[in-house]
Amino acid sequence: MEWISRLSNSFLFWAAWIIIPLLMEIIPSIGSFLLLLRKQKKNPKAELTYYPEITLMIPVYNSEKTLAACIGSINDSFYPNDRIHVYLINNQTKDNSFSVFCECQNKYPDLIMQWLNAKQGKSKALNMALFNSGGKYIINIDSDGLLEPSALKNLVAKFEANPQIQCMTGAILIDPEQIEEYPWIFPKLLRKTEFMEYAQAFLAGRNYASETNSVYTLSGAFSAFRKSAVLSSHMYNTDTICEDTEITFQMRYNKKTRVDICTDAIFFVDPIEDMNKLYTQRQRWQRGSLEVSSMFLKDRMKLRKMFIDPTVRTLVYDHTFAFPRMIWYLALLCLLFLNYSFHMIVLSVILLFALYFLTGFFYYFSTLGFLKEFPDIKSYYKKQWYVVFLLPFFNLLVFFIRFAGIINSINTNSAWRTRNFTEEKRDFKKNLLADLAIFKKWITGIRGCVNNGSVDE
């Protein structure tokens with residue numbers, strides 16, 4: 001019976017550390033690499049011979065500092081201005097964004113732009129623009145990002161060449177120029193790691209996911225729809241802070257259509273400002289994912305569905321597995337009391353991170369292949385090869401943030417504004433000091449009782 005006990009203990013150990021990462025991360029990374037090799041053998045993509053009319057929707061909220069550059073990137077795109085209609089949806093902005101819009105109207109007179117005022121939140125603002133939109137394709141972009149010049153053209157070209165595609169997400173990358181503006185080493189390294197994360201996630205990871213129809217989210221920063229498809233949906237939901245994931249689920253489950261990605265349609269976003277922004281951003285994503293999942297997956301959360309439904313599989317991995325993963329991360333020392341040697345624990349951790357490094361380099365080389373049409377971006381990305389070694393640690397940090405998001409979603413109401421890292425740290429310190437004060441009071445009480453007993457004797 002001893003060998004059975006050892007076997008079961010070993011299985012549980014390796015399942016937690018190796019099997020889950022192998023199935024959920026390493027195999028997809030190899031798949032993306034093989035996908036790249038297959039796509040390289042295909043014929044060159046078709047070029048547009050006709051430019052259909054498109055509508056761009058840009059939610060605006062305190063975008064005074066970024067809006068001019070965003071509109072400028074639309075004007076500088078390779079898509080003809082007379083085939084673009086831009087709706088800027090003002091979502092109760094409090095700065096001078098409207099003045100920037102007026103300046104851009106004078107600066108780009110041949111770019112058709114319209115300012116819409118909305119006072120009911122981002123989702124309703126987007127729906128208002130949808131009702132007013134014309135053209136064959138509806139494209140949303142954020143006001144704090146920049147379109148790569150060929151992005152709109154490549155996006156529409158893929159739609160035109162593939163009539164079965166109803167919706168797509170673009171590829172979101174961190175702006176390299178803004179990364180290099182940071183003077184300090186560690187802040188720059190954090191942003192380079194984020195750049196690597198985004199590049200691998202969109203150009204390799206989601207590319208592979210699109211082949212298996214398992215893209216989880218149409219990015220709210222840059223996504224596109226056939227107008228006929230999105231207007232026949234329930235459009236953007238106002239009951240969640242993650243309206244982009246909700247409309248993705250609508251397309252997959254209600255419309256029964258594929259969710260695709262256009263890897264050569266690139267949209268640049270600002271690098272993360274600090275830990276507070278990273279903390280609130282990833283928690284908001286986590287909460288939104290749980291909200292949307294509860295809307296669509298209530299009747300699908302069965303074990304067998306994990307193997308056939310990609311969204312169920314992603315949810316189980318990201319959320320259900322989060323608790324045992326947390327236990328294993330924090331209870332390594334306990335393995336010493338389960339007859340595991342310190343040597344074995346250290347070697348297994350090294351093996352785990354070696355597998356993550358291997359995964360990172362599979363994605364690294366895949367992403368290089370997908371960037372072949374963008375030599376400047378490819379050159380910058382290629383120089384950041386050493387950042388691959390930082391990704392597992394960055395992902396571990398993000399895991400703890402997302403886990404905190406799961407906990408916070410249980411005991412707080414849904415809201416776009418969430419507590420940042422500094423606020424959480426301050427509250428944790430406050431609660432810790434309060435608990436220590438109670439403990440100290442309890443010890444003092446016991447000591448008083450003991451001393452009184454000694455005096456009575």
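Only a predicted model underlies this, so the values are computations on that prediction, with no experimental measurement involved.
Counting heavy atoms from C-beta on, the side chains of V398 and Y279 never come closer than 4.5 Å. Two residues are said to be in side-chain contact when any heavy atoms from C-beta on lie closer than 4.5 Å; I54 and R83 fail this criterion. A heavy-atom distance below 4.5 Å is found between the side chains of T367 and Y381. Considering only heavy atoms from C-beta on, M168 stays 4.5 Å or farther from I261 through its side chain. Here the side chains of I174 and D270 are not in contact, with every heavy-atom distance at 4.5 Å or above. Annotation: side chain of I141 is in contact with side chain of I74 (closest heavy-atom distance under 4.5 Å). Two residues are said to be in side-chain contact when any heavy atoms from C-beta on lie closer than 4.5 Å; F225 and I247 meet this criterion. For the pair L152 and F78, the minimum side-chain heavy-atom distance is 4.5 Å or more.
Legend: residues meeting side chain to side chain donor-acceptor pair (under 3.5 Å) with T55, ordered by chain and number and at least two apart, are absent. Annotation: ring-ring contact (aromatic ring centres under 6.0 Å, His included) contacts of F195 (sequence neighbours excluded): Y380. Judged as a salt bridge (Lys or Arg N to Asp or Glu O under 4.0 Å), and not counting sequence neighbours, the contacts of K153 are E47. Among residues two or more places apart in sequence or in another chain, the salt bridge (Lys or Arg N to Asp or Glu O under 4.0 Å) test is passed with E197 by R282. In this structure, the ring-ring contact (aromatic ring centres under 6.0 Å, His included) partners of F267, at least two apart in sequence or on a different chain, are F222. Contacts of F374 classified as ring-ring contact (aromatic ring centres under 6.0 Å, His included), with partners at least two apart in sequence or in another chain: none. Scored by the side chain to side chain donor-acceptor pair (under 3.5 Å) test, D95 finds T93, S97 as partners (sequence neighbours excluded). Among residues two or more places apart in sequence or in another chain, the ring-ring contact (aromatic ring centres under 6.0 Å, His included) test is passed with Y61 by none.
Looking only at atom types and distance, the side chain of T245 has a donor-acceptor partner in the side chain of T217 under 3.5 Å away. Side chains of Q250 and T248: a donor-acceptor N/O pair is absent below 3.5 angstrom, by distance only.
Between A151 and I266 the shortest heavy-atom distance is CB-O, 3.5 Å. Nearest heavy atom pair, residue V269 against residue A221, reads CG1-CB, 4.5 Å. Closest heavy-atom contact between L203 and A171: CD2-CB, 3.7 Å. The two residues C70 and D142 make their nearest non-hydrogen contact at SG-O, 3.6 Å. Listed here is the closest heavy atom pair of S232 and A229: OG-O, 2.9 Å. Of all non-hydrogen atoms in D82 and I112, the two that sit nearest each other are O-CD1, 4.4 Å.
Counting only distance, with no hydrogens or angles, the side chain of R252 and the backbone of R258 share no donor-acceptor pair below 3.5 Å. A donor-acceptor pair under 3.5 Å is formed between the side chain of R191 and the backbone N or O of I272. In this structure, the side chain of S379 does not engage the main chain of D376 through any donor-acceptor pair within 3.5 Å. Between the side chain of D244 and the main chain of G220, a donor-acceptor pair closer than 3.5 Å is present. The closest donor-acceptor contact from the side chain of S73 to the backbone of L147 lies under 3.5 Å. Judged by distance alone, with hydrogens and angles left aside, the side-chain atoms of Q166 form no donor-acceptor pair with the main-chain N or O of M251 at under 3.5 Å.
Residue pairs meeting the salt bridge (charged side-chain N to carboxylate O under 4.0 Å, His left out) criterion with at least one partner in residues 173-186, sequence neighbours excluded, are E180-K188, E180-K192. Residues in residues 86-118 take part in these ring-ring contact (aromatic ring centres under 6.0 Å, His included) pairs, two or more places apart or across chains: H85-Y87, F98-F101, F98-W115, F101-W115. Within the structure, salt bridge (charged side-chain N to carboxylate O under 4.0 Å, His left out) pairs that include any residue of residues 128-138 comprise K136-E160 (at least two apart or interchain). Residue pairs meeting the ring-ring contact (aromatic ring centres under 6.0 Å, His included) criterion with at least one member in residues 157-191, sequence neighbours excluded, are Y137-F159.
With respect to D264 and K158, no salt bridge is recorded, no charged nitrogen being found less than 4.0 Å from a carboxylate O.
A ring-centre distance under 6.0 Å is not found for F357 and Y364. If you look at F370 and F365, their ring centroids are not closer than 6.0 Å.
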**Request:** Check the pair I71, V86 against side chain to side chain contact (heavy atoms under 4.5 Å, CB included), reporting the backbone distance first and the verdict last.
**Result:** CA-CA 9 Å; I71 295 174; V86 182; 5.8 Å; no
